[in-house]
Amino acid sequence: MTQFWDALTLQAGYNAALVALGAAMLGLAAGAAGSFVTLRKRALVSDATAHSSLPGIVLAFMLMVAMGGEGRALFGLLTGAALSGLTGLLVISWITRRTRLAEDAAMGAVLGTFFGLGIVLLTVVQNMRAGRQAGLEEFLLGATAGMLREDAILIALGGAMVLGVCWAMRRPMTLVAFDAPYAATLGYNTRAIDLLIMGLAMAVTVIGLKLVGLVLIVALLIIPPVAARFWTESAARMVWIAGGIGGAGAYLGAAISASAPNLPTGPIIVLVLTAGFTLSMLLAPARGTLWAALRHARMRRRLQRGA
Amino acid sequence: MTALPAHSPLAVRGLSVTYGDKPAVEDVDATFPAAALSAIIGPNGAGKSTFLKACLGVVPRLSGEVAIFGQTFEDARARVAYVPQRASVDWDFPATVLDVVQMGQYRRAGLWGRLSGAARVQALACLDRVGMTDFAKRQIGQLSGGQQQRVFLARALAQEADLYLLDEPFAGVDAATERAIVEVLRSLRAAGKSVIAVHHDLATVAEYFDHVFLINVTRRAEGPVATAFTAETLHATYGGRLAPMGTGLRSQEAAE
Amino acid sequence: MMGAEFVQFSLTPILIGIFAAMACALPGNFLILRRQAMIGDAISHVVLPGIVMGFLVSGTVAAGPMGLGAAGAAIIAVVLIEAIRRFGRVEPGAAMGVVFTSMFAAGVLLLEQSGSSGVHLDVEHALMGNLEQLIWLRASGWASVLDPAAWASLPPELPTMALTFALIGALTLAFWRWLKIATFDEGFARSLGIPAGALGFGLVISAALAAVAAFQAVGSILVIAMFICPPAAARLMTNSLSAQIWWSLAFAALSAILGYVLAGYGPLWLGARDAVSAAGMIAVVSGVILGLAVLFGPHRTGARAV
């Protein structure tokens, strides 16, 4: 318990403090960006693009090794991740535009195929001499053990940029999510704004790879906004509540994970967020189920008395 | 190409739109009058909404030119407000009635600008004009169909445009809403604004509108209600499905 | 390549791969027609906690308890998704995302907690599968195929997978008409008295069964490629549902065979020493087949609603 308290108050060592602060920033950015993604009903698209980033990570590693480097430079790996995630997104839209297949089928196909390619390349790297210690598997489920100061700064800066764009573009993004044809008549480029929303999700995915991993990162984009929705009827407030839930959940999760062995950071953060979601769904006054049931019962009593 | 008239709020030459290989709107010319209430009339599937959306660039057009106050739509965009058909949005979206109305002010507020207190007052005034002030704090999904339609009209009012384009504003609304909307449209006309609405209830055309445009894929008739809304033009638009009945025209649904 | 060594090291993985891919493709056909492809995504993720629970409760890596655990997890997931959708008024995609990421995270946590026990069950295998290791060491050549005594040493995954495929195939045949009607027009199906809700639930359960069985071979995430790619490619080849299903089975089998061969022998042809992941390669081949169908399939576009 004291260990948990230490972690919570950033007293559990330099590395744990770095992880906790990085996680909080990531959660904050993910909650805000994820709000627009879920309002636009593209939650699962971001899952597909997250999984699609794997081949890019491995290819970037191979490229950097081929160019004589060590291959583990985080910035290079993340650039690869972003490029291949974006490719996945483009392939999804190519398939849906060109064929009768619905978007969900295109998403599933891209997710599976790109992830499969990533696994194939991963085994290639494991067979390389330089690849034995590459630790690229860490990007699947995240790992915080070897986190460096530079990594934490990268996450914090990336998160701050995502937050800034969310704030600046909040109105066009809300409008497109609510009523895209109307937004088009106002002169907004809805295609570009849609791309921006997915681009923000992609940015969160990329900066969260090291901490949470590409399989679970989508949870940070989906769960806080869905939880926040129970507390408010206003999109603007939902974005910041989601950011708050995401930031607090990620910070708490990182602290719990630092307090004992065998508590992997990514899954713990997700489970903390799940707990937050469950509480929100039950207890939130605006749309929570308990309050709704209470209101329903009161209404029924009143109607019975009136009859 | 002859120059499109600058005095008209909406003038169209040779407009065609296709869905797949089926023409939805074919080689249509139209010139709507300023400071008037105009109705676009035609049977189901005749391309009424498509015509409107093509003028706004919401659906791509195959050919033709569109001028709004003599300018392209892109240049005249700030002078146009559009009220879409109600069905297309997510009614569970986290937005209050006032939020929706203020969406009409986004363009003027720009990317960074705050929506000022004055903007809020203006939005509330727009709500007042459609009789919805009491509902400002409600989530939009909690309204009836007619109330939702009035909120969308208020959003268009908040844009402070010169041309209002409405897609089936009276479809599925209650009588009180219909009266409220007609009142608003008349006050717009009194203020010198132009209104063009897709309309399907033939029984109310003469009462509500000054000008009609009849379409069934191609243009069938156009002009003031008194001269263009006749048994002959309706026959030309609806075919044999509608019995000519002089001025006491019944709606298409009733005739079937 | 086709000698005794092939029977020992390649025959059983290829057969298991074929059965796994075909077992997934069958329900996949209906999932994509019902616009529920991402249910396949959800299922492939929740199988993990189910398998770990089955393993923790039973203490063995036997197929039975792990399969039960996974089927249970799939049912729990479907019920939770429906509950969140209905009572929380959350749109289906987001509800799915909440449930499957949470359950997957729980599965990884359980796995890490049980990791010290040293039993053969680790995260990497769970994600990537271990098709290559399902070999038939005791086989001495093609003669063993006809030798009942040698059958005893077949990897148990082979009969499990074959049975799963047979079961799902039989269910598809038995409910063919209902499935066809309910997939096309659920309201009409209900008006005929077809229990469309139960049918949809059954479809999800059989998809979960296929995912559990295939999990051993191709790992948790790649199951999604098997659900979607072959049926999606088949959808672009024909307008008839029955023909689509045959195409999807053919594409599934082709992906398994080509994928395994390319993974095992491809690197050697290119001068490298070691094989690459067979499960990954099967997914890639299925994706390439879909890509070709997108480019050249005779029925790429259908009747678009105006």
Side-chain angles (χ1 to χ4, degrees), chain A residues 38 41-44 47-48 51 91 94-95 98-102 104-124 126-127 137 140-141 215-216 218-219 221-223 225-227 229-230 262-264 266-271 273-274 277 281 287 289 292, chain C residues 32 35-38 40-41 45 84 87-91 93-98 101-102 104-106 108-109 112-113 115-116 123-124 127-128 221-222 224-229 232 235-236 263 267 272-277 279-284 286-288 290 294 297 299-302:
Chain A
T38 48
K41 305 201 172 18
R42 309 296 294 279
L44 293 178
D47 189 38
H51 282 74
V91 173
W94 177 68
I95 292 176
R98 201 182 152 85
T99 71
R100 69 202 325 183
L101 293 174
D104 63 330
M107 271 155 32
V110 165
L111 189 160
T113 307
F114 274 61
F115 193 78
L117 180 63
I119 297 285
V120 167
L121 293 172
L122 209 51
T123 48
V124 172
Q126 282 167 343
N127 295 337
E137 299 78 16
L140 292 175
L141 292 169
V215 180
L216 284 175
V218 71
L221 286 165
I222 299 181
I223 298 178
V226 175
R229 182 68 184 89
F230 290 110
N262 286 334
L263 294 176
I268 294 286
I269 290 177
V270 174
L271 291 173
L273 291 176
T274 309
F277 163 82
M281 176 161 162
R287 289 165 63 96
T289 48
Chain C
I32 66 162
R35 306 277 158 98
Q36 290 181 328
M38 291 316 268
D41 189 23
H45 283 84
I84 290 176
F87 299 119
R89 289 178 287 169
V90 174
E91 59 109 1
M96 234 183 261
V98 170
T101 53
S102 299
F104 189 84
V108 175
L109 181 63
E112 293 281 337
Q113 293 284 302
S116 48
V123 174
E124 213 168 300
L127 291 179
M128 306 186 193
I221 311 243
L222 295 172
I224 176 86
M226 297 293 92
F227 274 133
I228 308 301
C229 289
R235 179 91 185 90
L236 306 179
R273 264 177 308 121
D274 304 289
V276 296
S277 160
M281 193 56 96
I282 291 173
V284 172
S286 74
V288 170
L290 173 60
V294 170
H299 293 276
R300 294 191 298 271
T301 55

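Chain letters run A, B, ... following the sequence lines, proteins first, then strands; residues in each count from 1.
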Backbone N/O of [Y] and side chain of [X]: donor-acceptor pair under 3.5 Å:
X	Y	answer
Arg98(A)	Val294(C)	yes
Asp47(A)	Val218(A)	no
Arg100(A)	Arg235(C)	yes
Thr113(A)	Val110(A)	no

Below 4.5 Å from any heavy atom of chain A, which atoms of [X] appear? Answer side chain, backbone, both or neither.
X	result
Val90(C)	side chain
Ile282(C)	neither
Met226(C)	neither
Ala232(C)	both

So, do [X] and [Y] sit near enough that their side-chain heavy atoms are less than 4.5 Å apart?
X	Y	value
Leu290(C)	Leu101(A)	yes
Leu263(A)	Glu112(C)	no
Thr101(C)	Ile222(A)	no
Ile224(C)	Phe115(A)	no

Residues two or more places apart in sequence or in another chain: which of them pass side-chain contact (heavy atoms from CB on, under 4.5 Å) with Ala275(C)? none
Side chain, backbone, both or neither: which part of [X] has an atom under 4.5 Å from a heavy atom of chain C?
X	result
Arg229(A)	neither
Leu221(A)	neither
Phe277(A)	side chain
Val226(A)	side chain
Ile269(A)	neither

Given the options [options], which has more heavy-atom pairs under 4.5 Å with chain C than any of the others?
options	value
Leu44(A), Thr274(A), Val124(A)	Leu44(A)
Thr38(A), Val215(A), Ile95(A)	Val215(A)
Val270(A), Leu117(A), Leu271(A)	Leu271(A)
Leu273(A), Leu216(A), Thr289(A)	Leu216(A)
Ala219(A), Pro225(A), Ala106(A), Ala292(A)	Ala219(A)
Arg42(A), His51(A), Lys41(A)	Lys41(A)

Please round to the nearest 0.5 Å and tell me the distance separating atom CZ of Arg89(C) and atom CZ of Arg287(A). 4.0 Å
For the candidates Ser277(C), Ala225(C), Pro267(C), which exhibits the highest count of non-hydrogen atom pairs separated by less than 4.5 Å from chain A? Ser277(C)
Top contributor to chain A interface from Ser102(C), Gly287(C), Cys229(C) [non-hydrogen pairs under 4.5 Å]: Ser102(C)
Applying ring-ring contact (aromatic ring centres under 6.0 Å, His included), name anything that partners Phe227(C), two or more places apart in sequence or on another chain. none
